[in-house]
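Here is the structure we will look at, set down as structure tokens.
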Number of protein chains: 2
Amino acid sequence: MSKKDRMGKTTIYDVAGAAKVSLATVSRAINNPEKVKPETRERVLNVIEELGYKPNAFAKGLASRKSTTVAVLVPDMSRASIAEMMNGIADIARVYKYSVLLYILDEEDSSEEEILREIIAAQVDGILYLNDEITPQQYDFLLNIEREQQIPIVLTNTTYHERDDIPSVSIDYERAGYEITRKLIEEGRKNIYMVSTVRKYMVNDLKEKGYLRAMEEAALTPQIMRTSGRITVNTEHFHEYFKHHSVDGIIAVRDSIAVSFINVARANDVRVPEDISVCGFQNTKYARLSRPNLTCVDVPIYDIGAVSMRVLTKLMNQEALDERIINLDHGIVSRDSTLND
Amino acid sequence: MSKKDRMGKTTIYDVAGAAKVSLATVSRAINNPEKVKPETRERVLNVIEELGYKPNAFAKGLASRKSTTVAVLVPDMSRASIAEMMNGIADIARVYKYSVLLYILDEEDSSEEEILREIIAAQVDGILYLNDEITPQQYDFLLNIEREQQIPIVLTNTTYHERDDIPSVSIDYERAGYEITRKLIEEGRKNIYMVSTVRKYMVNDLKEKGYLRAMEEAALTPQIMRTSGRITVNTEHFHEYFKHHSVDGIIAVRDSIAVSFINVARANDVRVPEDISVCGFQNTKYARLSRPNLTCVDVPIYDIGAVSMRVLTKLMNQEALDERIINLDHGIVSRDSTLND
DNA sequence: GCATCCCATGAAAATGTTTTCAATTGATTT
DNA sequence: AAATCAATTGAAAACATTTTCATGGGATGC
């Protein structure tokens, strides 16, 4: 196959030469087919096929100032929710023919600004921001990028204090927090704790808000315990903490934390759900692998990824957005870790 | 900050102008610092910092014919092992200043070749291949890319029938399978089953081989059950299957499958580990969230990602490899789902 | 039959780097 | 003092596209 022999080395010059047209025509035949006479186009396209020509992405990007590439900025990929969002993102990116550049924030070197500069230098057409540990400085920095660089950004699975300068796709975590708390209250639970994270995540903040609202509404005393996401740490922590507190309901901000808690409870001969109801957030595989099966808020993680990528394509195409803060529907999956009627 | 004002629009010309040197010197100050006089370099670097200059990746790629970008081809990102490998890959990529282009294979459209063509067109310097469901055709295709396109490839967490045309980084899954089986045999288990996947993954194949070797060596009858990775499916499957078989040992090819199995066993009043020992593979979070805690083969997933990225950088730099099939060390974590002395 | 307009095309500029090659400078050797 | 050499720098070419602008040739309108 002569196609393979030269595969990759053929340039637009070779095509132009072989098709007896100019560079411009070849370029047009590829990118603006309607602007070249059908028979010329045909001829050019045949030569392209013949030579196995693929435009050099760099030259193309340089000349057109477009990359058809988006950057996805995520914290720790091993979080189940992040990974699943990536699936949604990648699927939609593929549909719209965008490539995905992945940037994983390093735990230690908090050089997020550095990474963003890199992203800008990479000339991406858009940015998906999945870090829900966002600070005011970071938000401003993002805003600045959007404004100065004209690079559209979408916040995925996070929002920033109801501001819509930067569009976001998420669920209404405040309402979800409220609803799941209501559920336990309606079960008759009184001492309902929320187990949240030490680190300040925007979405966990919202979950807490919803929890607080429900508790106050019911004239119950809210209690938020903050722990680490790491199993060994929080297991120890739970033992210690609940030795001194009486609890009959737990709402964890993540499934894995809820499962961790269930394990500790049962190790202490506390029955779930008879003595204590436990719920999580997300509906990950953990929820279904735990015993008892975990009741939790069902977050459409894949869809959040997919929709935010879709929104980003719209922004990159200068299309109008119906709304800049998009909250997808969530649900509550009642399983065996809570009292169900 | 004037840094932010001009962020991203600054070109090498601006830097050269401000530092009163030529383009070439700026370029050298960045890429070959030793070739420019220390004080000049200092001055240039200051200006770069001052202006927040970042070289345009396209221009750079075009001129240098290097992209400092690698493509990572993965199946379903929601598999815990894949996600964790991404962490390792990204960390090392960052160290060596490579960007990561992510390609997630779609479940249905098996257009892997199409994706690989895309990857080639993207002008990546190297490819990390994480799909352990590799067929002979796919292997040949990869080989062809490596040869014709001169794009180095590394197989991550998979190997292909001991061939080393394409370098690989993994663990010795055959040995791991053998060892974990030996462990159960030494516990005195006789009816040890391996629970593997219906789909043909290279690494599961190796695990099975090791299992078979240990069983045959011990003159026990090997039994391999194949199931789906999906919880709802395999739960049902387990119930049905083990109603008709007597079993005292289970080796699952994934932690989540093992946990699934434990749940089914306990639901049927089979005690773990008294009546039956259960082990998994990988040592994921699932293993520690299950009750009893899961004994499993400890696979250094992060390291596999990190090392394969490191190997790829060597290949991209034309450095020699000590060995083309790299097997990292694995371990066996004894927890409570097996009888330990 | 002439002016006008549009369509298809090509020439050349523009994109922002790296790299080659030549030139300059300053130091060292003879 | 001349010659050699190394270190430093700059000018310009190269990289492979897209895009702008100009041009020639038909077709259309009057």
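Naming: A, B, ... by sequence-line order, numbering from 1 per chain.
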Report the nucleotide, chosen from [options], that has the shortest atom-to-atom distance to any side-chain atom of [X].
X       : options                : result
B/Ile12 : D/dT8, C/dT17, D/dT18  : C/dT17
B/Lys37 : D/dT8, C/dC21, D/dT17  : D/dT8
A/Ala59 : D/dT9, D/dT17, C/dT19  : D/dT17
B/Ala63 : C/dG10, C/dG16, D/dA11 : C/dG16
B/Arg28 : D/dT17, D/dG10, D/dT20 : D/dG10

Rounded off to whole Å, could you give me the [atom1]-to-[atom2] distance for the [X] and [N] pair?
X       : N      : atom1 : atom2 : result
A/Leu23 : C/dT15 : CG    : P     : 18 Å
A/Leu62 : C/dT17 : CG    : P     : 9 Å
A/Asn32 : D/dT18 : CG    : C1'   : 10 Å
B/Lys66 : D/dC15 : NZ    : P     : 16 Å
B/Ile30 : C/dT17 : CD1   : P     : 8 Å
B/Asn56 : C/dA14 : CG    : P     : 17 Å
B/Lys35 : C/dT18 : NZ    : P     : 13 Å
B/Lys60 : D/dA14 : NZ    : C1'   : 17 Å

- Message: How long is the straight-line distance from CE of A/Met86 back to CG of B/Asp76, given to the nearest 0.5 Å?
- Response: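 Reported to 0.5 Å precision, the distance equals 12.0 Å.
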- Message: Could you check whether any side-chain N or O of A/Arg324 sits under 3.5 Å from a backbone N or O of A/Asp165, counting only pairs where one atom can act as donor and the other as acceptor?
- Response: yes
- Message: Within the 4.0 Å heavy-atom criterion, would you say B/Ser27 contacts the bases, only the backbone, or no part of the nucleic acid?
- Response: base
With a 4.0 Å cut-off, would you call [X] and [Y] a salt bridge?
X        : Y        : answer
A/Glu133 : A/Lys200 : no
A/Arg79  : A/Asp132 : yes
A/Glu118 : B/Arg94  : yes

Taking only side-chain nitrogens and oxygens of [X], does any of them come within less than 4.0 Å of OP1 or OP2 of [N]?
X       : N      : result
A/Tyr13 : D/dA14 : no
B/Thr11 : C/dG16 : no
A/Ser22 : C/dA11 : no
A/Thr40 : C/dT9  : yes

- Message: Is it the case that the base of C/dG16 and the side chain of A/Arg65 share a donor-acceptor contact (distance under 3.5 Å, atom types as modelled)?
- Response: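 Side chain to base: no pair below 3.5 Å.
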